[in-house]
Amino acid sequence: MYLIKKSSVLDIARELQKEYRVYGPVVEKETRQTMFTGVEDAAELDLNAPIPAMPPKHIVFPHFERIMSYTYDRAAKKADIRPDFDDSRKALFGIRSCDLTGIICLDRFFLGQEFVDEVYRNHRKNMFIVANTCTVPFKQCFCVCTDSGPSAREGFDLNLTDLGDQYLVEAGSEKGKKLAEKMGLAKADDSLAKRKEAIIDASVSKFDAIATDNKAWISRVVNRVTTGLIDEKVWEYIGNQCIECGACSYVCPSCSCFNIVDPQTSEEAADRMRTWDSCSYEGYSRMAGGHNPRKPVEDRRSKRFFCKLSYSQSKKYLRPGCVGCGRCQWVCPGDIGLPNVVTYIRRDIQQ
Amino acid sequence: MNYKSGICTFCGTGCGHLLDVRENRVHGVFPMQNHPVSKGRLCVRGWNVHELLNTNERITTPLIRKNGELVEASYDEAVSFLVENLSKYKKDTSDEIGFLASPRSSNEENYLLMKLARAVFRTNNICLDSDPGHRTTLDVLHAGTGMAGMLGSLEEISKSEFLMVVGIDITKQNPIIGSELHKAARAGATMVTIDTRNTQIAKLSKDFLQIRPGAYRIAMAYLAKVMIDENLHDADFVKRFTAGYEGFAASISSLRESDVEEKTGIPADRLKETARALARARSAMVFFSSGISGFDRDTISYIYNLFLAAGKVGREGCGVNPITGINNLQGSYDMGIAPDLLTGFQPLSDGAVLEKFGKEWGVKLNGAPGSSVYDLMDRLKAMVVVDHDESIIRNVSEISKMEFVAYIGAFRNNFMNYAHVVLPVSTYIESDGTFTNTERRVQLTRKKIEPAKNIIPGWQLYVKIAEKAGVKWSYGSPADVMNEIAKLTPGYASISHDTLSAIGGMKWPNGAARFDIEKSGAKAAFAPTIANFAVPVASQEYPILLMIGESQHYWHQNNLMKKTNLPLREYNATLLLYPQGYVAISPQNAKELNVRDRFPVKITSPYGSMEAMVQVTDKVKPNTAYVAYFVDEMVTKFFMEHKDVLKRGEDSTIPVRIAKV
Amino acid sequence: MSEIQNLTIPEIATITEIKDEIVDVRTFYLSFDARTGGEAPKIKSGQFVMCTVFGAGEFAVSLPACPENDRFHLTVRRVGKVTNALHALSAGDKIGIRGPFGNGFPFEEIKGKNIIYVAGGIGLIPLRSSIMHVMRNKDEFGRILLFLGARTPQELMYQYNLEEWKAAPGFETYITIDNPVPDWDGETGFVHTLIKKKNIPVKDTVAFVCGPPMMFNAVIKELTEMGIGEENIISTLERHMKCGIGKCQHCAIGRTLVCTDGPVYTYRQIKTLGEQI
């Protein structure tokens, strides 16, 4: 454990900038909206900014990206494929524990199953992660119910905790330790670990009642979602409110569905693009020729919550897919963000 | 900071977004959390707008047709070619030349195109594709209140106690407005949907009244009659603020309950309950489609009169709210894209107005209204078309006969096949511009990336064309254009790019949230209506009423959507299942016909017939059928025979007989 | 997995020959440019590959070739943009291939059993490799029955193989078309009614069923009613697939991913997945 003065904390970002492109929370001036984005000037970074509107997922899994390009010459009977993987060095500075948990889910899903996803592996290959403990939760947060906050326990190289006038800096990897040593950060007294615990406890006590009253309010529905023992009327009620915008998937730190398209760039060339997709879209599971095994919208809704809340899917993430960031509730044009869905299912269980 | 704020320009909602712009390309999109309309939400179109903005199907160079082929040219050559050709035709009152403007162009672009048509090429034959849909609504509202736009406000939906949704599949067409309605209903507002089809908003409503096609007018009239008969109308409001109430009350007095039930297919009790709920609510709003087709004048008049009698116009949380499909449909009318209008709904026939514009523009203008391009189709010799959708298929034979067709747009389109000259322009993120959403909200969206090599924005193109035609316009930027608009347009008087720079821009007139009856100064007039309650009736020979839907499927043929992947996949869902189009019938009719989903059937009317696949769905009532007119392959001779019916808009119906093939 | 990496980036193959099968269905024989002698990657019966048509996109397609002795080929019906683009190609043109992916048929587990194949229309494509394999290894199995259905005689897949199978000793082959037509003196009616008419083994029997959803459901009903257990009915599922390696999630059904867990499932498994076929 190390310490750094609050006024110098951005020096960590500046140090990282020597080797990495640094991404972090920046408040957009016109809209006052926090975006997690790449910066040229580290002074733009704001560790006290509200939770970013969008998780940093897009840095390891972009909204859309080219994974290869190709040319083909029918007359000469020639084709040429050029892979296009992004393995540039990136540092995530000030990532919140929910969002880091999202990246851990993505790691386990993309890298840990039967096949390794090359595109994702390259994004993650050269990455440095600096997490930031939430000493105060935001209004929509419920990470205490999904075991993903308010302070990160794994997955970071460095973890920052605001102690008031200085930041506690914990190294989570050799890479992190090296950086702290290189910067000559002061060693922290072991007693500060207790102080950090107290800060986290204080943070937990400030969560919205729904999260603090009963931390098991989500886990209670996991069993039902896994076994499918939920009245179809509940899914219908939920499905009726879904306008199929896909926003819940797009803002979810652990959602990773994608689509692949080959837009032509000229008569004899095309790019292969990976773009975000959502299981809430009707066309998502439709096959060429029109047959769609998954038709009613409530079917598709239950699919997403199965991914977030079932044991079966948790096996892939080694934890629940939901990380408690609450963004789906923000962006949902219906009223079916995950916390609400949990409430509806619980209401059904009670009855 | 690589995130740049802007406005989504798909539909008339006008949601706020942030675009991730790096290396002169858009890399992603995110909703703007504190935007007054969208409040951090976007729909499937908005969330995937980057697909459109990165499409390879842009028009990349001016083109001139030589020996049947379009060949690359410089702007200079192409503009000269355009001006030379347009100069050949007769000016002023002639029927030889016309301009078809786009409801997607920015206000500045549309204003300049309008000026170009009237002041430079001296024709008043300029119109929008969506004539007469939104125009009809504006006519009714303008005649009644003096305001040619939505009377209510989207921001006040949450303040409304009663929400009526009439004939609009709003969660598909303008999803974020649908979301706002849904959230208001969840918070306690009473929502009632009246529609021929069982839509998502119908499912989310407290009551859904499934109406027979062609009977909206009667339902509205009856709701008003119940209110008046039971003395529930706002008599004080009517007396203080309105004119013409007696005439309206008299025109509906002859309505009979049994007749209404039969014609609408809705039990009178449920209509009565709706009328009472509307009257008792302290505030109420009505939403209806006003995009590509919309209702006929009479239906809109009854909707407006109903709300006026209920005292639900011009107060907080109240309003008669037409919902525009395309992003700048409202703005296009504001900019005078109509044969008989100048900006801000000022009539061309008004001498003082004409004088004002003539003086500003330095020309003597012709005060005789022109005609809609569609009315002149078989007479026009030359036409200029801007950024258009596929409805060309309706007029392909006339257009291919024209001597000269010019196409102006950012994206490739079928129209290019008929054009003699093609002039590319930049997209909305490559230039500053303002757009006016369905609630009269004028929003500025700034240039975010440089246009592709040599491509110029629309406003510069129009300046270039004017210059070639011998008129020097001295605008240095779109902001200068807006200053001129503000000078000439009372409702836009306080609008400039500076005053619009805040998030959410500003609503006309002069920032007013909505029509305010207290401040209006004049009485709101009931719209004149005719006591004609005839409905299209089915007969023994033609027992099924075929509804012709346009707006619901508008996005299928939308030229922008065709340049995307995910939104196209989603909005095309039904069409991929039924590639040749379809006719939706009820399970009961399917059983009687002994057909299953996707079976071919023959549809026969007194004037013709066509074949289509059936879609069996409980969304339509027994003995009604629904056909998506906007499907390319279905616009056959059959519909050509029914052009007059189609003019009646969203509520048009044809009695038909359906048989298994 | 082959040593050639083609999980994400396709390898280039040349179309060496194209054969017309039935209307809208063609077979494409391939040679692999980067492999010695153009030799194909090793496949298992029941697997699939992702096929790139340059400029159009990529689609999943099952492998009909017998792993032991067939030339590598794909049989494709044109249904959408990409498959139409493939049909527009000719011999010598290049395409891209990723894979093979998927689990394949469980031949080891069914040794010694009677085998029944029931295929409707182009449902024969994914079953072909299995049939060819079983024919080569007849001794390992009990009775072998083939039930093939099509709407018309012209829509019978792999006509050149049908003759071979009909003649093969130990093969009981039954072919039916939906409605009687002139010049057809074989069986008529739906394939599930044909099964009922024949004396089929029930004990120690495994059935492979593939075809359109309506036919599939009718056949399953017939077979289970006759006493064949749901765990002994095997099919291969077709889903919208984008990646083939378990990442894009398009083919997710409940807890299973068709691309990595499937595409071969028993009917008992399919039933618990909770989606339409």
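Computed from a predicted model, the values in this text were never measured in an experiment. Below, chain A is the first sequence line, B the second, and so on; all start at residue 1.
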- Neighbour count >12 (heavy atoms, 6.0 Å) for atom NZ, A:Lys125: yes
- Message: Is C:Ala56 close to chain A through its backbone or its side chain, or both, or neither, when contacts mean heavy atoms under 4.5 Å?
- Response: backbone
- Query: Got A:Glu118 and C:Leu7 here, is their nearest side-chain heavy-atom distance under 4.5 Å?
  - Reply: no
- Once you round to the nearest 0.5 Å, how far does OG1 of C:Thr52 lie from OH of A:Tyr72? 12.0 Å
- At their closest point, which heavy atom of A:Val116 faces which heavy atom of C:Ile245, and how far apart are they? O-CD1, 4.4 Å
- A:Ser310, part contacting chain C, at a heavy-atom distance under 4.5 Å: neither
- Note on the structure: In this structure, SG of C:Cys243 is separated from CZ of A:Arg274 (nearest 0.5 Å) by 7.5 Å
- Query: Using non-hydrogen atoms only, which part of C:Ser90 is less than 4.5 Å away from chain A: side chain, backbone, both, or neither?
  - Reply: both
- Work out which heavy atom in A:Ala79 is nearest to a heavy atom in C:Lys94; give both atom names and the distance. CB-CB, 3.8 Å
- When you measure from the side chain of C:His250 to the backbone N and O of A:Cys279, does any donor-acceptor pair fall under 3.5 Å? no
- When you look at A:Val119 and C:Thr8, which way does the side chain to side chain contact (heavy atoms under 4.5 Å, CB included) test go after all the steps? CA-CA 8 Å; A:Val119 181; C:Thr8 315; 3.9 Å; yes
- Task: Name the region of A:Phe258, side chain, backbone, both or neither, that has any atom closer than 4.5 Å to a heavy atom of chain C.
- Result: both
- Message: Need one label for A:Tyr120: side chain, backbone, both or neither, based on atoms under 4.5 Å from any heavy atom in chain C.
- Response: neither
- Stepwise, does the side chain to side chain contact (heavy atoms under 4.5 Å, CB included) test hold for A:Lys316 with C:Leu257? CA-CA 12 Å; A:Lys316 295 185 178 169; C:Leu257 289 173; 3.7 Å; yes
- Query: Any chance CZ of C:Phe107 has more than 12 other-residue heavy atoms, nucleotides or ligands included, within less than 6.0 Å?
  - Reply: yes
- Query: Are A:Ile81 and C:Pro10 side-chain neighbours, meaning at least one heavy-atom pair lies under 4.5 Å?
  - Reply: yes
- Message: Does any backbone or side-chain atom of C:Val258 lie under 4.5 Å from a heavy atom of chain A? Answer side chain, backbone, both or neither.
- Response: neither
- Item | Interchain contact, A:Arg272 with chain C, by part (heavy-atom threshold 4.5 Å) | side chain
- Heavy-atom proximity to chain A below 4.5 Å, by part of C:Leu89: both
- Item | side chain to side chain contact (heavy atoms under 4.5 Å, CB included) assessment of A:Phe85 paired with C:Ile9 | CA-CA 11 Å; A:Phe85 300 149; C:Ile9 304 300; 3.9 Å; yes
- Item | Shortest non-hydrogen contact between C:Ala91 and A:Lys77, atoms and distance | O-NZ, 3.6 Å
- Query: Can you tell me how far the OG atom of A:Ser249 sits from the CD atom of C:Gln249, to the nearest 0.5 Å?
  - Reply: 11.0 Å
- Taking every non-hydrogen atom, the tightest pair across A:Gln264 and C:Gly55: CG-O, 3.5 Å
- Query: What distance do C:Phe54 atom CZ and A:Asp80 atom CG have between them, rounded to the nearest 0.5 Å?
  - Reply: 9.0 Å
- May I ask you to name which of A:Cys257, A:Ser256, A:Ala270 has the most heavy-atom pairs under 4.5 Å with chain C? A:Cys257
- Note on the structure: Minimal heavy-atom distance between A:Asn259 and C:Lys242, with the atoms involved, is OD1-CE, 2.8 Å
- Message: Tell me whether the count of non-hydrogen atoms from other residues, nucleotides or ligands lying under 6.0 Å of CZ in A:Arg124 goes above 12.
- Response: yes
- Task: Hey, could you give me the CE/CD1 distance between C:Met241 and A:Ile260, rounded to the nearest 0.5 Å?
- Result: 12.5 Å
- Note on the structure: Heavy-atom closest pair (A:Glu114 atom, C:Thr260 atom, distance to 0.1 Å) is OE1-CB, 3.4 Å
- Message: If you count heavy atoms of other groups shown closer than 6.0 angstrom to CZ of A:Arg82, is the number above 12?
- Response: yes
- Item | Residues, nucleotides or ligands: over 12 heavy atoms within 6.0 Å of C:Lys221 NZ | no
- Query: Between C:Lys247 and A:Phe109, is NZ or CZ placed under 6.0 angstrom from the six-membered ring centre and within 45° of the ring axis?
  - Reply: yes
